[in-house]
Amino acid sequence: MRQGHGRPAIYRNHPTGMNGSRKVHIKSFGCQMNVYDSHRMADTLAPAGFAETAAPEDADLVILNTCHIREKAAEKVYSELGRIRVLKQAAARQGRRVVVAVAGCVAQAEGEEIIRRAPAVDLVVGPQSYHRLPDLLVRVGRGEAVIDTEFPLEDKFELLAPPSRAATRARGVSAFVTVQEGCDKFCTFCVVPYTRGAELSRPVANIVAEVERLADAGVREVTLIGQNVNAYHGEGPHGRPWPLGRLLHRVAEVPGIARLRYTTSHPRDMEPSLIAAHRELPSLMPYLHLPVQSGSDRVLAAMNRRHTRADYLDTIARMRAARHDMAFSSDFIVGFPGESEEDFGATLALVEEVGYAGAFSFKYSPRPGTPAAEMAAQVPDGVKSERLYRLQAAIDKHQAAFNARCVGRTLDVLFEKPGRHPGQLVGRSPYLQPVQVMAAPSMIGEIAAVTITEISANSLFGALAPVPAHGQAAALASEASGQRGNSKVRAHSASEDARERADDTRPEPGSSAHAALASEASGQRGNSKVRAPDTRPEPGSSAHAALAEVEG
Ligand code: 5AD
Ligand code: SF4
């Protein structure tokens with residue numbers, strides 16, 4: 001193996017080849033699924049004696065959980081590896097060995113190429129092999145450079161260790177649960193079907209057991225995640241497949257779970273029972289991330305999206321008919337090969353028509369091995385940048401309007417953690433907006449009605465409302481949307497209120513469970529925030545992270 005021969009004594013006794021007080025630092029890039037996977041890797045390493053550390057310089061094992069969705073995301077990994085090599089060398093000078101692992105979709109896609117490019121890497125492990133980590137580390141401890149990018153037959157989910165109660169508590173009151181992985185859609189721009197493989201849905205019983213365990217440790221909100229989550233078709237209790245709507249009904253019955261979300265959905269799989277679940281389940285939040293990618297039928301066909309603009313708009317209308325206070329976010333790609341100014345104009349028009357509460361937008365990034373990368377008529381980068389700028393301005397305008405409409409409203413807020421200032425807590429509205437409120441720390445994990453008094457670029461501010469939020473939904477609803485029509489008010493829960501559309505101010509770095517939101521990626525998620533060249537957040541961001549990135 002590359003790195004040294006005689007291992008320092010510290011690694012000699014433990015089966016992983018490491019010993020003493022072992023610490024692991026895991027850094028997630030990309031989507032919420034990577035955040036979930038990082039937690040499960042930490043849970044699986046805990047019984048082998050690894051405690052998590054937020055400080056890479058203290059770690060004996062550093063894992064980068066990577067994203068391959070766009071070139072920029074993949075390149076970030078190599079810059080990070082440059083920094084880690086320096087840490088590793090500094091530790092070696094003190095006689096301490098640091099093991100470096102690359103996990104996630106870059107690991108799957110690039111395999112041993114990673115070690116060629118970054119020889120400080122000891123282990124490359126694809127997303128389907130995380131349950132094997134303890135064994136793989138034993139091999140690394142013996143001096144092998146290990147690469148495992150197989151798609152094994154065994155059920156990884158059931159072999160990964162569950163989180164301890166303490167670990168769950170530390171991760172906050174909102175949690176992700178992967179219910180589906182992989183994708184069979186093969187959009188022509190996307191690497192996911194290659195890196196995550198074919199669609200696989202977990203059985204209902206296993207998901208319910210995981211949610212029960214989370215609820216028992218204090219989790220109040222669960223986001224069911226999958227690359228194509230609404231293609232879910234896991235085995236039900238009697239052996240027949242259940243669709244996502246039915247699974248949501250079952251998860252809603254778990255005591256303690258007050259809020260449900262799911263992401264990321266494909267427009268084509270928004271089937272009637274799932275739409276009906278939004279009408280039937282008060283705990284299902286009225287905010288849906290429904291990526292459209294483009295507003296042009298010509299481009300949608302070239303992307304192999306399997307839906308038209310009209311199909312998409314019809315789905316949005318059916319969702320709004322099911323629940324008047326639905327709000328939507330989306331992903332967009334600008335500069336797909338062959339996209340003309342007219343095609344792009346159709347995307348801008350779609351943004352106006354739907355009135356998104358937020359959205360992520362990206363410049364098309366050719367990915368090796370995908371059909372679109374080979375297409376003629378690649379769009380010059382300057383044109384992509386200019387379109388991205390215009391699109392983000394349109395999205396921002398709608399997001400700001402959505403937020404502005406929240407002022408004076410009373411929204412249900414799930415309190416997650418201390419806020420920016422002493423005495424404040426920050427929570428999330430039904431639309432994933434962060435809301436800062438003066439409230440006692442004992443309210444973390446509670447849902448309370450909050451009257452919104454003010455907005456800033458990234459947050460709402462509010463005060464605990466004297467009465468439950470029920471009942472304002474009608475008002476919200478009717479005002480809000482000029483077009484969306486349907487203002488029927490359903491009778492139910494408090495969470496209803498705020499709903500009108502959401503905005504989502506996406507996450508902020510460092511936030512919570514959702515950090516992931518990210519979607520994929522990058523950076524922020526503040527959705528429409530202009531951050532170039534794309535708008536996604538990065539793991540570790542906030543709660544919202546959730547939204548995003550798991551593709552779609
Ligand atoms: N280039 C740019 N954006 C992409 N996405 C996926 N693949 C690419 C690509 N090759 C975006 C899509 C998807 C989101 C997760 O990332 O908008 O919904
Ligand atoms: Fe699948 Fe979404 Fe990628 Fe399309 S964009 S191939 S639906 S993961």
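Atoms within each ligand, like the ligands themselves, are counted from 1 in listed order.
- Within the 3.5 Å criterion, the main-chain N or O of Thr66 finds a donor-acceptor partner in the side chain of Asn34.
- Using a 4.0 Å cut-off to heavy atoms of Gln293, the atoms of ligand 1 that qualify are 12 (C), 13 (C), 17 (O), 18 (O).
- Contacts of Pro193 with ligand 2, taken as heavy-atom pairs under 4.0 Å, involve the side chain alone.
- At a heavy-atom distance under 4.0 Å, atoms from both the backbone and the side chain of Ile69 approach ligand 1.
- Looking at Phe189 next to ligand 1, an N or O pair under 3.5 Å apart turns up.
- Every atom of ligand 1 with a heavy atom of Ser365 under 4.0 Å away is listed here by number and element: 1 (N), 2 (C), 9 (C), 10 (N).
- Other residues, nucleotides and ligands contribute at most 12 non-hydrogen atoms within 6.0 Å of the CZ atom of Arg268.
- Looking only at distances, a side-chain donor or acceptor of Thr188 sits under 3.5 Å from a matching main-chain atom of Ala302.
- Using a 4.0 Å cut-off to heavy atoms of Lys185, the atoms of ligand 2 that qualify are 1 (Fe), 7 (S).
- Ligand 1 has no nitrogen or oxygen under 3.5 angstrom from a nitrogen or oxygen of Tyr364.
- No more than 12 heavy-atom neighbours from other residues, nucleotides or ligands sit within 6.0 angstrom of CZ on Arg240.
- Under 2.8 Å from atom 4 (Fe) of ligand 2 lies an N/O/S atom of Cys187, whether from backbone or side chain.
- Checking only distances, Arg70 does come within under 3.5 Å of ligand 1, N or O to N or O.
- Salt-bridge annotation for Arg83 and Glu80: present, with a side-chain N of the basic residue lying under 4.0 Å from a carboxylate O of the acidic one.
- For ligand 1, the atoms lying closer than 4.0 Å to a non-hydrogen atom of Lys363 are 1 (N), 2 (C).
- Taking every heavy atom of Arg305 and a limit of under 4.0 angstrom, the matching atoms of ligand 2 come to 4 (Fe), 5 (S).
- Two rings, from Tyr262 and His278, have their centers less than 6.0 Å apart.
- Ring centers of Tyr130 and Phe157: at least 6.0 Å apart, outside the cut-off.
- Close contacts between ligand 2 and His266 involve ligand atoms 7 (S) [criterion: under 4.0 Å to a heavy atom].
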Worked verdict on Asp37 versus Arg196 for salt bridge (charged side-chain N to carboxylate O under 4.0 Å, His left out): CA-CA 12 Å; Asp37 287 347; Arg196 291 277 175 168; 2.9 Å; yes
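- Of the heavy atoms in Phe189, only side-chain atoms (C-beta onward) come closer than 4.0 Å to ligand 2.
- With salt bridges taken as basic N to acidic carboxylate O contacts below 4.0 Å, none links Arg202 and Glu181.
- With Phe336 as reference, Tyr364 is the one residue of Phe362, Tyr364, Phe344 to meet the ring pair (Phe, Tyr, Trp, His ring centres under 6.0 Å) rule.
- Of all the atoms in ligand 2, the ones that sit under 4.0 Å from a non-hydrogen atom of Cys183 are 1 (Fe), 6 (S), 7 (S), 8 (S).
- Near Cys190, with a cut-off below 4.0 Å to any heavy atom, the atoms of ligand 2 are 3 (Fe), 5 (S), 6 (S), 8 (S).
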